[in-house]
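See structure below.
Computation of the quantities below employed the complete heavy-atom set of this structure, encompassing side-chain atoms and omitting hydrogens, waters and symmetry-equivalent molecules.
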Amino acid sequence: MQTADLADLVKKIQTQQCESQTIEVKAAHDGPPTRLFNTISGFANQDDGGIIVFGLDEKTRYQVVGVYDPQDLQKKVTEQCKQMEPTVRPLFAVCTISDRTVVSAEIPGTDVDQRPVFYKGVGRIKGSYIRVGESDELMSEYEIYSYDAFRRRIRDDLRQISQAKQSFIDENLLNQYLSAV
């Protein structure tokens, strides 16, 4: 993202007055956000990734409040990205709006075969998130399993169940299914 693109993005956020599937806003004028893991995971686990914009305050209708220190902020965000599995490499942009500094961190989407991206500090089950609208939601165990099954090419629909018995099958339901197909 170029400086002009970041300035345009800030205007768009201020006009729309909301975050989105690919945009998260953090004030960061008093210091770095201490917990970005959920958002980093959520953005990295979707194809288009997402952008965290620092220096806008959602509580004041997305006014530009600036960041405390752009250099240190980038360092702190990078440190949190390194705590993800696999590691996330953000792309930063910095611009000045109304004499205040705004920073963006683009979180790239991770290839499907590398997902889920999760926070190592709590593990795969409690550290894998998906983005739903403007919120980060904890992935279900099924969603996590779906990525594992894709990566390992598991086809549950074709897997043979060796302990199955003929008595487990309701012949009427089976015949109805076969007729419908």
Side-chain angles (χ1 to χ4, degrees), residues 1-68 70 73-74 76-98 100-112 114-144 146-147:
M1 173 176 295
Q2 302 294 321
T3 301
D5 296 330
L6 178 54
D8 290 343
L9 179 59
V10 168
K11 287 178 189 171
K12 180 180 173 185
I13 293 167
Q14 290 174 325
T15 300
Q16 294 178 345
Q17 291 289 302
C18 68
E19 297 170 314
S20 69
Q21 188 76 27
T22 58
I23 304 294
E24 178 75 20
V25 172
K26 300 289 183 189
H29 59 289
D30 292 330
T34 56
R35 188 164 165 78
L36 294 172
F37 304 117
N38 303 357
T39 300
I40 294 167
S41 174
F43 283 159
N45 285 323
Q46 62 186 14
D47 293 340
D48 295 332
I51 302 169
I52 307 171
V53 180
F54 301 95
L56 300 181
D57 191 350
E58 186 176 1
K59 295 175 186 169
T60 60
R61 302 184 53 80
Y62 300 94
Q63 288 183 342
V64 177
V65 294
V67 297
Y68 71 102
L73 177 64
Q74 291 177 68
K76 300 290 190 204
V77 172
T78 300
E79 287 172 3
Q80 289 191 47
C81 288
K82 287 180 182 177
Q83 295 179 51
M84 306 303 288
E85 181 63 42
T87 299
V88 173
R89 303 288 184 209
L91 303 169
F92 294 100
V94 179
C95 77
T96 302
I97 300 173
S98 303
R100 297 193 177 168
T101 304
V102 176
V103 175
S104 69
E106 287 183 71
I107 307 299
T110 303
D111 290 338
V112 174
Q114 297 295 311
R115 295 179 194 168
V117 176
F118 62 95
Y119 170 49
K120 291 187 274 190
V122 294
R124 178 176 279 202
I125 300 297
K126 293 184 180 178
S128 298
Y129 284 80
I130 56 172
R131 189 79 175 173
V132 179
E134 66 173 43
S135 69
D136 304 305
E137 302 290 331
L138 190 63
M139 278 189 184
S140 68
E141 288 187 37
Y142 177 75
E143 289 167 322
I144 294 168
S146 295
Y147 283 122

Please set out all donor-acceptor pairs under 3.5 angstrom arising from side-chain atoms of residues 44-56, sequence neighbours excluded.
{"unit_1": "Asn45", "atom_1": "OD1", "unit_2": "Val117", "atom_2": "N", "d": "2.6"}
{"unit_1": "Asn45", "atom_1": "ND2", "unit_2": "Ser41", "atom_2": "O", "d": "3.0"}
{"unit_1": "Asn45", "atom_1": "ND2", "unit_2": "Ser41", "atom_2": "OG", "d": "3.2"}
{"unit_1": "Asn45", "atom_1": "ND2", "unit_2": "Val117", "atom_2": "O", "d": "3.0"}
{"unit_1": "Asn45", "atom_1": "ND2", "unit_2": "Tyr129", "atom_2": "O", "d": "2.9"}
{"unit_1": "Gln46", "atom_1": "OE1", "unit_2": "Gln21", "atom_2": "NE2", "d": "3.0"}
{"unit_1": "Gln46", "atom_1": "NE2", "unit_2": "Gln21", "atom_2": "O", "d": "3.0"}
{"unit_1": "Gln46", "atom_1": "NE2", "unit_2": "Gly49", "atom_2": "O", "d": "2.7"}
{"unit_1": "Asp47", "atom_1": "OD1", "unit_2": "Arg115", "atom_2": "NH1", "d": "3.3"}
{"unit_1": "Asp47", "atom_1": "OD1", "unit_2": "Arg115", "atom_2": "NH2", "d": "2.8"}

Quiz item: Salt bridge between Arg131 and Glu137, side-chain N to carboxylate O under 4.0 Å?
Solution: no

Self-check item: Distance, nearest 0.5 Å, that separates NZ of Lys76 from OG1 of Thr34
Solution: 11.5 Å

Quiz item: Any idea which heavy atoms bring Pro33 and Gln80 closest together, and the distance?
Solution: O-NE2, 3.0 Å

Quiz item: Val77 and Ala105: which non-hydrogen atoms are nearest, and at how many Å?
Solution: CG1-CB, 4.3 Å

Quiz prompt | Distance-minimising heavy-atom pair for Gly42 and Asp136 | solution = CA-OD1, 4.5 Å

Quiz item: Between Gln74 and Val103, what is the shortest heavy-atom contact and its length?
Solution: CG-CG1, 4.3 Å

Self-check item: Side-chain donor/acceptor of Thr60 to backbone N/O of Asp57, under 3.5 Å
Solution: yes

Please output the side-chain donor-acceptor pairs of residues 2-9 that fall under 3.5 Å, not counting sequence neighbours, one pair per line with the distance.
{"unit_1": "Thr3", "atom_1": "OG1", "unit_2": "Val94", "atom_2": "O", "d": "3.4"}
{"unit_1": "Asp5", "atom_1": "OD2", "unit_2": "Gln2", "atom_2": "N", "d": "3.3"}

Quiz item: Which atom names give the shortest non-hydrogen contact between Gly127 and Leu138, and what distance separates them?
Solution: N-CD1, 4.4 Å

Quiz item: Just by distance, do the side chain of Glu143 and the backbone of Ser140 share a donor-acceptor pair under 3.5 Å?
Solution: yes

Practice problem: Measure the CD-OH distance between Gln17 and Tyr62 for me, rounded to the nearest 0.5 Å. | Solution: 7.0 Å

Quiz item: Hey, are the side chains of Pro32 and Tyr68 touching, using non-hydrogen atoms and a 4.5 Å cut-off?
Solution: yes

Practice problem: First locate atom SG of Cys81, then atom CG of Leu36, and finally report the distance between them rounded to the nearest 0.5 Å. | Solution: 8.0 Å

Exercise. Flag the pair Met139 / Tyr147 as yes when at least one side-chain heavy-atom distance between them is below 4.5 Å, and no otherwise.
Key: yes

Practice problem: Output yes when a side-chain donor or acceptor of Glu85 lies under 3.5 Å from a complementary backbone atom of Arg124, and no otherwise. | Solution: no

Quiz item: Hey, is NZ on Lys120 packed in by over 12 heavy atoms from elsewhere, all under 6.0 Å?
Solution: yes

Exercise. Measure the CD-CZ distance between Glu106 and Phe43 for me, rounded to the nearest 0.5 Å.
Key: 11.0 Å

Practice problem: Would you indicate whether the side-chain heavy atoms of Val88 and Pro108 approach each other to under 4.5 Å? | Solution: yes

Quiz item: Would you say Gln83 and Phe37 make side-chain contact, with heavy atoms under 4.5 Å?
Solution: yes

Practice problem: Taking all non-hydrogen atoms of both residues into account, name the closest pair between Glu19 and Val25 and its distance. | Solution: OE2-N, 2.7 Å

Self-check item: Gap between atom CD of Glu141 and atom CD1 of Ile144 - 0.5 Å precision
Solution: 7.0 Å

Quiz item: How far does CD1 of Ile23 sit from CD of Gln16, to the nearest 0.5 angstrom?
Solution: 9.0 Å

Quiz item: With side chains defined as the heavy atoms from C-beta onward, is the minimum distance between Asn38 and Tyr119 less than 4.5 Å?
Solution: no

